[in-house]
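Naming convention: chains lettered A, B, ... in sequence-line order (proteins, then strands); numbering from 1 in each chain. Keep in mind the model is a prediction, meaning the values are calculated, not measured.
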Amino acid sequence: MRQVTQQELAHDPLWVARKLLGCEIRSTSPEGEVGVRLVEVEAYRGGDDPASHCYRGRTERNAVMFGPAGHLYVYFVYGMHFCINVVCMTDGVPGAVLLRAGEITTGLELARSRRPAVRKDVQLASGPARLASVLGITREHNGVDLTDPASPIRLYHGVPVPEEEIRSGPRVGVAAAMDLPWRSWVDGSPAVSPYRRGGRRRPRTRV
DNA sequence: CATCGGATCTTCT
DNA sequence: GAAGATCCGATGG
């Protein structure tokens, strides 16, 4: 299995997103190894994408996205979950692809133990936070180089997904730029996460 | 099966 | 001070 190179990722996220479908992300830890075949991703651009964490410029949190391609951008959401992105574009230009869902290829037992609440194996990585936790990823993995053979988290080529098997549509749960079809997935994969429209939640009733 | 609210805390305004 | 690239269990049809 050939590891993905930085050069192959140093392009527009929209293009990279499609190339990532069918690829495999692997994590190695003292607990063991887990591999996931990617079946659902979303592109996030830099300055011109209102849904991107980089839309309003560089901050401490999004700094990794401004760095070289091939590194992992990990962020914390809703006070309890981690989500992971593959950084794209050239050094200095922000852009990334959110990894939303995949199928477990290696380390099924370990994956199950990291997601005890999930009943069916096919759903173990059907969602960005599920995918991250199945791989054992937390904030300490922010910035790791996925193209380095020595990294704990690495990205490999798999069987390429034919163009006609790739579908696309709006991104899940984003309130900004809801009309852009920047989510891509492998048609027919049972691991693809359900679509959920973005937008504000009801105003919370205050005490 | 669809919908809803709660959990929980970091980040930027 | 509020919203957020989510998940899960409960509830109702």
Seminar exercise, completed: In whole angstroms, the gap separating P of C:dA5 from CE of A:M80 amounts to 14 Å

Exercise. Which class fits the ring pair A:F76 and A:F82: parallel under 30°, tilted 30 to 60°, perpendicular over 60°?
Worked result: tilted

Problem set entry | Note: A:E103-A:R37 ion pair, threshold 4.0 Å (strictly below) | yes

For this session: Dot-bracket for DNA chain C, please, read 5' to 3', with Watson-Crick or G-U wobble pairs under 3.5 Å on both distances, ( ) within the strand, [ ] crossing, | other strand, . unpaired.
Result: ||||.|||||||.

So which protein N/O to nucleotides 10-13 of chain B N/O distances come out below 3.5 Å?
| from | atom 1 | to | atom 2 | distance (Å) |
| --- | --- | --- | --- | --- |
| B:dC12 | OP1 | A:T59 | OG1 | 2.3 |

Exercise. How far apart are the closest heavy atoms of A:E33 and A:R154, and which atoms are they?
Worked result: OE1-NH2, 3.8 Å

Problem set entry | d(CD, A:Q123; P, C:dT6) in whole Å | 16 Å

Exercise. When A:T5 is tested against each of A:Q7, A:Q3, A:E8, A:R2 for side chain to side chain donor-acceptor pair (under 3.5 Å), which residue passes?
Worked result: A:E8

Problem set entry | Exercise: identify the closest heavy-atom pair between A:A132 and A:I84 | CB-CG2, 4.0 Å

Problem set entry | Atom-pair distance (OH on A:Y195; C1' on B:dT3), nearest Å | 16 Å

Seminar exercise, completed: Nearest heavy-atom approach of A:R171 to A:A43 is NH1-O, 3.0 Å

For this session: List in chain and number order the residues that pass salt bridge (Lys or Arg N to Asp or Glu O under 4.0 Å) with A:E140, two or more places apart in sequence or in another chain; answer none if no residue qualifies.
Result: none

For this session: Compare side-chain N and O positions of A:R196 against OP1 and OP2 of C:dT6 and report whether any pair is under 4.0 Å apart.
Result: yes

Seminar exercise, completed: Sequence neighbours excluded, the answer for side-chain hydrogen bond (donor to acceptor under 3.5 Å, both in side chains) partners of A:R18 is A:E163

Problem set entry | Shortest side-chain distance from A:A175, nucleotide among C:dC7, B:dT8, C:dG4 | C:dG4

Problem set entry | Donor-acceptor pair under 3.5 Å, A:Y78 side chain vs B:dA7 base | no

Atom pairs, protein N/O to nucleotides 8-10 of chain C N/O, distance under 3.5 Å:
| from | atom 1 | to | atom 2 | distance (Å) |
| --- | --- | --- | --- | --- |
| C:dC8 | OP1 | A:R115 | NH1 | 2.7 |
| C:dC8 | OP2 | A:R130 | NE | 2.8 |
| C:dC8 | OP2 | A:R130 | NH2 | 2.4 |

Exercise. Listed by chain and number, what are the ring-ring contact (aromatic ring centres under 6.0 Å, His included) partners of A:Y55, not counting sequence neighbours?
Worked result: none

Exercise. Hey, is CZ on A:R112 packed in by over 12 heavy atoms from elsewhere, all under 6.0 Å?
Worked result: yes

Problem set entry | Touch class at under 4.0 angstrom, heavy-atom based, for A:A129 against every strand present | sugar-phosphate

Problem set entry | A:Y44-C:dA5 aromatic stacking (under 5.5 Å, under 30°) | yes

Exercise. Any idea which heavy atoms bring A:P181 and A:S168 closest together, and the distance?
Worked result: O-CB, 4.0 Å

For this session: Whole angstrom is fine here: how far is it from NE2 in A:H53 over to C1' in C:dT6?
Result: 12 Å

For this session: Report the distance from atom CZ of A:R100 to atom P of C:dC7, rounded to the nearest whole Å.
Result: 7 Å

Problem set entry | Gap between atoms CZ and P, on A:R45 and C:dA5 respectively (whole Å) | 19 Å

